[in-house]
Amino acid sequence: MEAGEERAQGARSRDPEREGPRPAADPAQVAAICREHDDRPDALIEILHAIQTRFGFVPETAVPAIADSLNLTRADVHGVLTYYSDFRREPPGRHVLRLCRAEACQARGAERLAAHLTTRLGIDFGATTADGALRLETVYCLGNCALGPNALVDGERLQGRLDEARLDRLVDALCEGADS
Amino acid sequence: MSAGGRRVEVPGDSAGSLRVYVPGDSAGSIRVYVPGDSAACSVGADETARAIVREAAARGTSIELVRNGSRGLLWLEPLVEVEREGLRRAFGPVDADAVPGLFDAGWLEPGAAPDHPLAQGPTDAIPWLASQERVLFARCGVVDPLCLDDYRRHGGLVGLERALRAKPAEIVDEIKASGLRGRGGAGFPAGLKWETVAAAAGDEKFVCCNADEGDSGTFADRLLMEGDPFSILEGMAIAGLAVGATRGFIYLRSEYPHAIRVVRRAIDVAREAGWLGRDVLGSGRAFDVTLRVGAGAYVCGEETAMLESLEGRRGIVRAKPPLPAHAGLFGRPTLVHNVLTLAAAPFVLAQGSAAHHAYGCGRSRGTQPFQLAGNVLRGGLVERGFGVTLRELVEGYGGGTASGRPVRAIQIGGPLGAYHDVGDLDIEMDYERLVEAGGLLGHGGIVVFDDTVDLAEQARFAMAFCAHESCGKCTPCRVGAVRGVEVLDRIRAGEDREANRALLESLCGTMRDASLCAMGGLTPNPVLSALARFPEDFEGSPRAGRGSAAAMAGRQEDER
Ligand SMILES: Cc1cc2nc3c(=O)[nH]c(=O)nc-3n(C[C@H](O)[C@H](O)[C@H](O)COP(=O)(O)O)c2cc1C
Ligand code: SF4
Ligand code: FES
C-alpha cells in the first residue's frame, strides 16, 4: 500500500460502481455554509464537515465555491479534501457501516466479522451494495476497545459486543429500512 | 407518551436526564442512573433507559432518571444504579429485557433485591472500583455530566477559583511541584512546558487540548469527555491563566460523535454560567474555548500535525524547532496537552501539589488511567497510582481473557507500543520501567490477546498502519513502512528468511533513527518486539489467526 503517494495524488475511496455523472452542489448553498463560518480559511475542515452533513458527501463542484469564499486556491481545498479519510467525494449509499479493525477489536474477533460482512453483502470494504443501501468502511478505533468488536452506523450510532448474529440483525434493519 | 393516563417523558437520547413524575405517587425520591456514555449505549443503555421509564410509569412509581457517564466498569455495561437514602446500588449488565424482572424483584426499594443475579451491591464497594485511586475520574459516572450544580457539589471549580487568586508563576510552580507529566504519550514534565509558554513573548497565546485519542485500546479521554467534561474546561482555564492565554481549542476526533455533543454542550453551559468567556467567574479575566472536530487522520494526534489541522490544512507534521511552546497555533506560543493532563490541573490546584505527588512512584507521579481492552474478561478503566503491576491489571482487574484461553501477548501504549509476553507481567507500570522493558506507556492502553494471535500478522499490521497513516513528509516513514510490509510478507511466506529478517531489522533501525516524528520512529516497537519475543510466529507458515493482515487489505480496498 502506497499510502503516502496516495495522499499526495489525492486518490481516495472511489467506488467504481458509483462513478458516472456526479451530483452538483449549488454554489450559493456552499457559499452560505462558508459564510456561517465567517469565510475563515482555518475553518476549512469544519466547512467540509458541514457540506458533507448537508449533501452526504463533498461534491467536486463545491471545491471552486469554497476556494472563492475562503480566498484559497482550488489546489489548497482539494489537498485538504483528499487528505482526510472522513471526506467522501461520491454519494455514499443510504447507510454507512464502519467496522473497527484496529488491534483491540482484532483481539476480539473483528476480522471474522469483516469476512462475514464481505461474504454476506458481496462487496469489499470501501464499496456500496448494488442497490445503494449500504456502504462498508474500515475505521481504526472507535474508543470502545473493551466492548468490541464495534461498528459505527451512519456516523452516529456506536454498536458494541458485535457477533455474527447481532451484525446480521443490524445489517438487515439497515438494508430493509434503507428507503425510509 | 401517555401511560395509564399519566404524563411521562421519554428520554430522546443519551444526553438527557429527566424526571418521571407520577402524580399521586408519594414515595420518597428514587434516583436511577443509566449511563448516557457511548460505551454503555453501544450495548443498549438507551433501550434500558426507555424500558425503565416505561415500567416505572406503568407501575405508578415516580423516579428521577439521570444519564450519567460511565463508571468505567465496561464489562458490566449497561450498569444501572438505584439511589435510595443516599446509597447507590449497582445492577449490571442490565438489558432492556431484564428490566421488568428487576421491577418484579422490587429493586427500587432501599436495599432490595440483593440476591438478584444482576445485583452488584453498593457501587462504591464493588472491589474492582473500591481498590482504585480515582482522582481524574473521581466524578466520572457519579455526576450528571452537564449539571454544574453536581460539578460544584463534587469539588469542581475550587481549583479555578484558587488559580484566579494566584499569580501565574505560582500556578506554574504548583504544577511543577506536583510532578505532573503529559498523559498524551511522551510523559514530558507539564510544569516545564507551562513555564516555557508563560515565558514566551507573544501578543496572543493559546491552550490546545489534544482529544484526538487515536490509539487502539484507549478510551480514557472519551470517557472523561462524556462523563465529566467540565473538569477538562476547568483545566484549560487554569492553564490559560498560568501561561497568559485567553483562548483555548479542543481538537476532538470525529469518530467520537457523542463526546462531541457533550463537550459542545458543556462549553455552552460554562459560558452561560459565566466561567468561560470574557469575565471568568467575575474576575475580569478572559478565557474561552472553541471545539474543532478532526477528520479521520491518526497522525493529527501528533501535536504539530494537530496544529496544522486546527489551522484548516492537511495534517502534515512540522519540523521542530520551533517548539509549539514558542511558535504553535497561528505561529503563537501554544500549550498543547492531552485531555487527561489538563484535567489533572484542577486537582493539583484544589488539593495542592503534594496531594498529587503522593500518588505514584519514582519519577512517575500521580495516577494513571489504565485502559483494559481487547480480549480481556473485565475490561474498562482502572485508575491507579503509577507502579501497579501489569499482572494486577491484566489478571487481577482484567480476570484474564474474555475467550477463556491463555493470555499470550499484551500490547501496551497503542499502535506504536511494544508487544509484551507473559514474562513481563511483573513490570511495575511507570514511564521508566516500561522503557527499560523495551516498551512505552503511551496513553495507557493495554490490549490483551489470547493464544490464537499471530504476532507476525500483528507486526505486518503495525507496518501497514504506519504506511497508511504516514503524513508523507519524510522518506524513512513513508517509504520504509511500505517496504516493511513487503519484507514481512516475504518472511511470512518463508522466503530467504535470514536475509529478510536482517533487512527488516535494518529498515526498522532507519525508521527509528531518521523519522521526523514518532509515527515512523516508534512503529519499529511493535514490529521488533513481536520478532524478538515471538520468533516462532515468524518461522512457519502463517498461523490460523484472525487475520489482521486482512484488516489492512480491507483498508486497501477502501483506498482504491
Ligand atoms: C503519531 C502520533 C499520534 C499521537 N496521538 C496523540 C493523541 O491522540 N492524543 C494525545 O494527547 N497525544 C498524541 N500524541 C502525542 C502528541 O504529539 C503530544 O506529545 C501530546 O499531545 C502532548 O500532550 P501531553 O504533554 O499532555 O502529553 C501523538 C503523537 C504521535 C507521534
Ligand atoms: S515520521 Fe511519518 S508521520 Fe512523522 S513526519 Fe515523517 S512521514 Fe510524517
Ligand atoms: S480498537 Fe476497536 S474500538 Fe478501539
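Owing to the predicted nature of the structure, the values given are computational and were not obtained by experimental measurement. Note on naming: letters A, B, ... go to the chains in the order of the sequence lines (proteins, then strands), and numbering restarts at 1 for each one.
Contacts of B:Asp215 with chain A are made by backbone atoms alone, with heavy-atom separations under 4.5 Å and no side-chain atom involved. When heavy atoms are compared at a cutoff of 4.5 Å, B:Arg222 approaches chain A solely by way of its side chain, counted from C-beta outward. If you measure heavy-atom distances from B:Ala39 to chain A, the contacts under 4.5 Å come from both the backbone and the side chain. Within the 4.5 angstrom heavy-atom criterion, only side-chain atoms of A:Arg166, from C-beta onward, approach chain B. Heavy atoms of B:Ser38 lying under 4.5 Å from chain A belong to its backbone as well as its side chain. With a threshold of 4.5 angstrom between heavy atoms, B:Cys477 does not approach chain A through any atom at all. If you measure heavy-atom distances from B:Leu372 to chain A, the contacts under 4.5 Å come from the backbone alone. With a 4.5 angstrom heavy-atom cutoff, B:Leu310 touches chain A only via backbone atoms. There is no contact between B:Arg378 and chain A, counting heavy-atom distances below 4.5 Å. Using a 4.5 Å cut-off between heavy atoms, B:Ser309 touches chain A through backbone and side chain atoms alike. Only the side chain of A:Leu152 comes within less than 4.5 Å of a heavy atom in chain B; its backbone stays farther off. Using a 4.5 Å cut-off between heavy atoms, A:Glu103 contacts chain B through both its backbone and its side chain.
Annotation: ring pair (Phe, Tyr, Trp, His ring centres under 6.0 Å) contacts of B:Phe370 (sequence neighbours excluded): none. For B:Glu311, the salt bridge (charged side-chain N to carboxylate O under 4.0 Å, His left out) partners two or more places apart in sequence, or in a different chain, are B:Arg313, B:Arg318.
Relative orientation of the B:Phe461 and B:Phe465 rings is parallel, given thresholds of 30° and 60° on the angle between their planes.
Note on A:Thr118, A:Leu158, A:Leu44: by heavy-atom pairs under 4.5 Å with chain B, the leading option is A:Leu158.
Between the side chain of B:Gln411 and the backbone N or O of B:Gly417 there is at least one donor-acceptor pair closer than 3.5 Å.
In this structure, B:Phe449 has its ring center under 6.0 Å from that of B:Tyr419.
In this structure, A:Arg135 and A:Arg88 approach most closely via the heavy-atom pair NE-CD, 4.1 Å.
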